[in-house]
Amino acid sequence: MSADRMTIGEMLAATVPMARTLNLEFMETTPEKAAVALSDQSDFHDHVGGPRAGA
């Protein structure tokens, strides 16, 4: 997909490595707001089974 047809979420995922690492899903992006989903992934759980503070 060419850059002029990419959504803001697609551009962020393509250029920001941590967005890809965390598998962020950009639900909505507008000039006023962004809604992002971070799914529960066992790779990001801490020693007691909860989400890591960094994730």
Is the side chain of Q41 donor-acceptor paired with the backbone N or O of L22 at a distance under 3.5 Å, no angle test?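 Side chain of Q41 to backbone of L22, a donor-acceptor pair under 3.5 Å: yes, one is there.
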Within the side chain of R52, is there an N or O that forms a donor-acceptor pair under 3.5 Å with the backbone of D46?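 No, because the side chain of R52 does not come within donor-acceptor range (under 3.5 Å) of the backbone of D46.
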Stepwise side chain to side chain contact (heavy atoms under 4.5 Å, CB included) test for F26 and T7: CA-CA 9 Å; F26 294 88; T7 66; over 6 Å; no
Minimum heavy-atom distance between [X] and [Y], given as atom pair plus value:
X   : Y   : answer
A13 : A19 : CA-CB, 4.2 Å
F44 : T21 : CZ-O, 3.5 Å
E10 : M6  : OE1-CA, 3.3 Å
D40 : H45 : OD1-NE2, 2.5 Å

With rounding to the nearest 0.5 Å, note down the distance linking CD1 in I8 to OG1 in T30.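 Going from CD1 on I8 over to OG1 on T30, the span is 7.5 Å.
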How many angstroms lie between atom CZ of R20 and atom CG of L12, to the nearest 0.5 angstrom?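 Here the interatomic distance stands at 10.5 Å.
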Is it true that M18 and V36 fall in one hydrophobic cluster, defined by side-chain heavy atoms closer than 4.5 Å?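 As far as the 4.5 Å side-chain criterion goes, V36 and M18 are connected within one cluster.
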